[in-house]
Amino acid sequence: PKKDNWIIPCDYKQYDIIRAFAKHKELDWHVTQQTKNIKSGDKVYIYVGKPFSRIMYECEVVKTGLSSREIDDLEFIRIQKDAWDGESFRIRLIRKLDGLLSLEELNDNGLSGNVMGARKLSEETVTYIGKNAKTSIIFKELNHEEINQLTSMSETELEGALEAKDESAGYIYKETISK
């Protein structure tokens with residue numbers, strides 16, 4: 001079956017998705033009228049509302065039809081906890097995105113209107129996201145231990161590790177004669 005691409009809004013005032021993804025690489029997401037047709041293998045882009053107002057996460061749907069949440073992320077929910085009960089599906093973080101993925105840029109590239117509810121994305125919008133998203137960290141290519149190690153680091157520690165210089169590295173100059 002054809003895999004679909006979705007955009008799903010996340011109200012940051014109601015759910016701290018940033019800390020949730022820092023702790024869990026998979027989250028159970030509640031099913032709504034708009035998301036009832038999501039299937040395993042579909043790609044989900046999460047649009048995080050104010051103060052960010054842009055797509056911040058690329059995820060893959062790994063399980064559907066969950067009758068209740070199995071992943072405990074209650075500490076990140078800022079509204080009534082029971083408001084999140086009911087059917088859900090599981091998404092796995094592929095990568096955190098940076099780049100020109102605000103509503104204005106998305107509207108200039110195939111998306112129409114605000115991101116008030118989940119909906120399928122057009123090929124034009126998916127292509128735009130692919131060309132303009134800058135990856136903060138690619139999680140799909142790392143093993144579970146590496147992901148845990150990276151996500152336990154602060155942003156400053158991570159930047160330091162990525163920009164670190166290896167003082168023991170060097171060049172070896174060799175002269176050879178060859179025909």
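No hydrogens, no waters, no symmetry mates; every other heavy atom, side chains included, goes into these values.
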So does [X] pair up with [Y], basic N to acidic O under 4.0 Å?
X     : Y     : answer
Arg78 : Asp11 : no
Arg95 : Glu58 : yes
Lys36 : Glu87 : no

So which atom in [X] and which in [Y] form the shortest heavy-atom distance, rounded to 0.1 Å?
X      : Y      : answer
Tyr12  : Lys50  : CB-O, 3.6 Å
Val115 : Pro9   : O-CB, 3.4 Å
Ile55  : Tyr47  : N-CD1, 3.8 Å
Lys2   : Asp42  : O-OD1, 4.4 Å
Leu121 : Ile129 : CD1-CD1, 4.0 Å
Gly113 : Asn107 : O-OD1, 3.1 Å

When you measure from the side chain of [X] to the backbone of [Y], do you find a donor-acceptor pair of N or O atoms at a distance under 3.5 Å?
X      : Y      : value
Thr127 : Glu123 : yes
Asp72  : Leu74  : yes
Arg119 : Ile8   : no

*Pick from Leu27, Ile71, Thr35, Leu66: which one makes a side-chain contact (heavy atoms from CB on, under 4.5 Å) with Ser88?*
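Output: one option passes, namely Leu66.
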*Would Tyr15 and Asp73 count as a side chain to side chain donor-acceptor pair (under 3.5 Å) if you check the C-alpha gap in whole Å, the side-chain angles of each, and the deciding distance to 0.1 Å?*
CA-CA 10 Å; Tyr15 183 70; Asp73 62 348; 2.6 Å; yes
*Kindly write out the residues that satisfy side-chain contact (heavy atoms from CB on, under 4.5 Å) with Thr64, not counting sequence neighbours, or none if the list is empty.*
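Per chain and number, Thr64 pairs via side-chain contact (heavy atoms from CB on, under 4.5 Å) with Ser40, Val61, Phe89.
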*Side-chain H-bond candidate by donor/acceptor type, Glu104 with Ser102, under 3.5 Å*: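 No, no side-chain donor-acceptor contact under 3.5 Å.
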*Distance, nearest 0.5 Å, that separates OH of Tyr57 from CD1 of Ile46*: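 That separation rounds to 8.0 Å.
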